[in-house]
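Naming convention: chains lettered A, B, ... in sequence-line order (proteins, then strands); numbering from 1 in each chain. It should be emphasised that the depicted structure is a prediction, and the values quoted were computed from it without experimental measurement.
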Amino acid sequence: TRKRFLETFQLVNEKFQQIFPRLFCGGHAELRLTDEEDLLTTGLEIVVQPPGKKLQNVSLLSGGEKALTAVALIFSIFLIKPSPFCLLDEVDAPLDDANIGRFNEMVREMSANSQFIIITHNRSTMAVADTLYGVTMEEPGVSKLVSVRLNC
Amino acid sequence: TRKRFLETFQLVNEKFQQIFPRLFCGGHAELRLTDEEDLLTTGLEIVVQPPGKKLQNVSLLSGGEKALTAVALIFSIFLIKPSPFCLLDEVDAPLDDANIGRFNEMVREMSANSQFIIITHNRSTMAVADTLYGVTMEEPGVSKLVSVRLNC
Amino acid sequence: MKIKRLEILGFKSFQDKVSLEFNQAITSIVGPNGCGKSNVVDAIRWVMGEQSAKNLRGKAMEDIIFNGTEYRKPLGMAEVSLVFSTEDGRVPAKYLNFTEIQVTRRLYRDGESDYLINKIPCRLLDVAELFMDTGIGARAYSIIEQGKIGMILHAKPEERRFLIEEAA
Amino acid sequence: MKIKRLEILGFKSFQDKVSLEFNQAITSIVGPNGCGKSNVVDAIRWVMGEQSAKNLRGKAMEDIIFNGTEYRKPLGMAEVSLVFSTEDGRVPAKYLNFTEIQVTRRLYRDGESDYLINKIPCRLLDVAELFMDTGIGARAYSIIEQGKIGMILHAKPEERRFLIEEAA
Ligand SMILES: Nc1ncnc2c1ncn2[C@@H]1O[C@H](COP(=O)(O)OP(=O)(O)OP(=O)(O)O)[C@@H](O)[C@H]1O
Ligand SMILES: Nc1ncnc2c1ncn2[C@@H]1O[C@H](COP(=O)(O)OP(=O)(O)OP(=O)(O)O)[C@@H](O)[C@H]1O
Ligand SMILES: [Mg+2]
Ligand SMILES: [Mg+2]
């Protein structure tokens, strides 16, 4: 399993280095093992350089940059070993319109191979969906479903 | 200071019981001391009942309900002992349009006595502002300010 | 296996039976704060075998049973079913002659709990095996809960390795 | 005392001097992800005396000095000034004949650090006293940082009491 961990790490890292610049419209990011000698306990470090900016501590990134970086990593793992479905609950909340646009483009691409279920308050994310389910509480405390079918 | 802690607690609690139903359009919430005997170490418990719903663990509340409850508490403390200014960084991110509307109404009221500086991605929150500052990075990594004066 | 349908009855804020069809590539769930969207995510995690109430925002597992409102009484049972289609053929041998596989979980207020596959009672172990064999397991990178996306960057490096482990 | 103006130079992403007027009741700061909005909040916390780099998303305090970009060199100093108007009269006696009070903090890369009030060098203690006497202190309930609003509900009851303590 040490071997499998390393192989998976390298595949995910390769993918992450492609996915990040797509979501950030440039820039560069990669994963690093904190201890390459000890694959059973090594940690996973994330190194990020948004387009045009200098390489700095990941902690200094903005709220939206951190969220988008995490999305890039999640999508990279997903592309290496897809699950049949992916459930995203309001991951677009800290993103600005431009980043939401690139995020949605990527979801649409990946939905060719997996089902995506996305919870959102954002109108442009809703626009990407094939089916929209509205959850309402006409009667307080009791959830009801209203289905709005967008595409066929 | 035990006496002052208790007095402040009671004033804030009273205010919280008024502010919460305004932001939630109904419902009921209050603060409780976990240990009324020991005012030096007692904790602060928050009890919340959104309109029409039953009293349950605060943990079961939705993301938006938790954020709005926290805003209600912050505003209650602020009204009891106002600071000259209040800085809010994207607190509206998890809120839906209706809640953002009530949140902004309350900010406008409170701005009679304190200056508010609000960072947001939300258009209706921007609409409440007297002055809008746009921060941009035309050149990557270098922040520039663009001021858009809305009202006078 | 692909998800076909989710049926929720008595789970959290879903007093009345609710059925969501998931036959499209991208499904979006929308609605006001507190109306039940994240509860749908909790329902999926729960029917897939979530054992910790904390991971479902509760204190005890009983918290996931519809607790009533100002005007309605609590229910005595929560039931969630996840229905999969077997058309892509990636199915364990014993299910090959089924067109769909329905996984059901029930919880009663007295703590009694049932698992069913295609309406036949089974053990949690059978459900866990089914999910493992079909790769449907609720992997950490396939369900991102509300507010949790930031944890990946704030986590310590040692805490992040599980993401690679789950994909390995 | 009311805030009049914030001047930022060399702090985080503000390489060039930036001046924000705060003479209105509600000021909103907007812009794309990563453009510097929260850095403005950090600048205000910093000039008010923040001692922990961690509370400013840094590892060492040096992290708050403009670090350069792909095309520009780093700077050697960060300077932030907060200017207050004294027109409402709530001012410590020694400042009564000033129309404004300017608090300035500088940090050099070698670690050297300056505090100035109305351009006269002073100690951190003088700045802290000024803020305390005028009630401008950066109380926990007057600055809510990005992503931190949820902490209030997730905190343990003992961790929340400071909110009452600060208002008492
Ligand atoms: N066992 C239960 N019985 C009844 N209602 C419940 C139960 N558990 C949770 N709820 C209610 O469900 C609501 C939360 O729903 P949920 O988290 O799905 O909201 P949401 O649609 O995701 O909202 P947001 O947009 O704010 O994230 C809470 O108001 C809570 O009181
Ligand atoms: N010392 C520094 N020198 C140069 N750039 C810095 C420095 N410290 C932080 N930055 C940059 O500032 C950016 C973050 O800015 P900030 O957090 O203000 O963004 P924001 O406008 O709040 O975005 P969001 O909407 O995503 O929250 C990061 O990209 C980071 O690289
Ligand atoms: Mg939610
Ligand atoms: Mg920010």
Participant: Less than 4.5 Å to any heavy atom of chain D: does that hold for the side chain of B:V146, its backbone, both, or neither?
Facilitator: neither
Participant: For the interface with chain D, which of B:A93, B:G63, B:S83 has the highest count of heavy-atom pairs at distances below 4.5 Å?
Facilitator: B:S83
Participant: Using side-chain heavy atoms (C-beta onward) and a distance below 4.5 Å, is B:F9 in contact with D:R161?
Facilitator: no
Participant: For chain D, which residues from residues 23-31 of chain B have at least one heavy atom closer than 4.5 Å to it?
Facilitator: none
Participant: Examine whether an atom of B:E139 lies under 4.5 Å from a heavy atom of chain D, and if so say whether it belongs to the side chain, the backbone or both; otherwise answer neither.
Facilitator: side chain
Participant: Could you check whether any side-chain N or O of D:R139 sits under 3.5 Å from a backbone N or O of B:F78, counting only pairs where one atom can act as donor and the other as acceptor?
Facilitator: no
Participant: Under 4.5 Å from any heavy atom of chain D, what part of B:V48 do you find: side chain, backbone, both or neither?
Facilitator: neither
Participant: Output the distance between atom CG (D:L153) and atom CD1 (B:I46), rounded to the nearest 0.5 Å.
Facilitator: 5.0 Å
Participant: Between B:V12 and chain D, with a heavy-atom cut-off of 4.5 Å, which part of the residue counts as in contact: side chain, backbone, both or neither?
Facilitator: side chain
Participant: Can you say whether B:T42 sits under 4.5 Å from chain D via the side chain, the backbone, both, or neither, judging by heavy atoms?
Facilitator: both
Participant: Measure B:T120 against the heavy atoms of chain D and call it side chain, backbone, both or neither at under 4.5 Å.
Facilitator: both
Participant: Heavy-atom distance under 4.5 Å between the side chains of B:D89 and D:K37, does that happen here?
Facilitator: no
Participant: Among residues 53-65 of chain D, which residues come closer than 4.5 Å to chain B, judged by heavy atom distances?
Facilitator: none
Participant: Which bit of B:P94 comes within less than 4.5 Å of chain D, counting heavy atoms only: side chain, backbone, both or neither?
Facilitator: neither
Participant: Between B:L40 and chain D, with a heavy-atom cut-off of 4.5 Å, which part of the residue counts as in contact: side chain, backbone, both or neither?
Facilitator: backbone
Participant: Can you tell me which residue pairs pass the ring-ring contact (aromatic ring centres under 6.0 Å, His included) test with a partner in residues 37-57 of chain D, sequence neighbours excluded?
Facilitator: D:F11-D:W46
Participant: Is it the side chain or the backbone of B:T136 that comes within 4.5 Å of chain D heavy atoms, both, or neither?
Facilitator: backbone
Participant: By a 4.5 Å heavy-atom criterion (distance strictly below it), what part of B:L61 contacts chain D: side chain, backbone, both, or neither?
Facilitator: side chain
Participant: Heavy-atom distance under 4.5 Å to chain D: side chain of B:Q115, backbone, both or neither?
Facilitator: both
Participant: Give, for atom OH of B:Y133 and atom CD1 of D:I29, the distance between the pair rounded to the nearest 0.5 Å.
Facilitator: 8.5 Å
Participant: Which residue pairs satisfy the salt bridge (charged side-chain N to carboxylate O under 4.0 Å, His left out) criterion with at least one member in residues 51-60 of chain B, sequence neighbours excluded?
Facilitator: B:K53-B:E65
Participant: Any chance you could measure B:T41, atom OG1, to D:E158, atom CD, to the nearest 0.5 Å?
Facilitator: 8.0 Å
Participant: Contact between B:K81 and D:E166 at the side-chain level, heavy atoms closer than 4.5 Å - yes or no?
Facilitator: no
Participant: Heavy-atom distances under 4.5 Å only: say whether D:T27 touches chain B with side chain, backbone, both or neither.
Facilitator: both
Participant: Quick check for you: to the nearest 0.5 Å, what is the distance between B:L87 atom CG and D:I3 atom CD1?
Facilitator: 7.5 Å
Participant: Between D:G150, D:S38, D:S19, which shows the greatest number of heavy-atom pairs under 4.5 Å with chain B?
Facilitator: D:S38
Participant: Which region of D:E145, side chain (C-beta onward) or backbone (N, CA, C, O), has a non-hydrogen atom less than 4.5 Å from a non-hydrogen atom of chain B, or is it both or neither?
Facilitator: backbone
Participant: Tell me, for D:E159 versus chain B, whether the close heavy atoms (under 4.5 Å) come from the side chain, the backbone, both or neither.
Facilitator: neither
Participant: Below 4.5 Å from any heavy atom of chain D, which atoms of B:I119 appear? Answer side chain, backbone, both or neither.
Facilitator: both
Participant: What heavy-atom pair brings D:R160 and B:L44 nearest, and what distance separates the two atoms?
Facilitator: NH1-O, 2.5 Å
Participant: So for B:L11, is it side chain, backbone, both, or neither that comes closer than 4.5 Å to the heavy atoms of chain D?
Facilitator: neither
Participant: Please classify the contact of D:V30 with chain B as side chain, backbone, both or neither, using a heavy-atom distance under 4.5 Å.
Facilitator: both
Participant: If I measure from the heavy atoms of chain B, does D:I44 come under 4.5 Å with its side chain, its backbone, both, or neither?
Facilitator: side chain
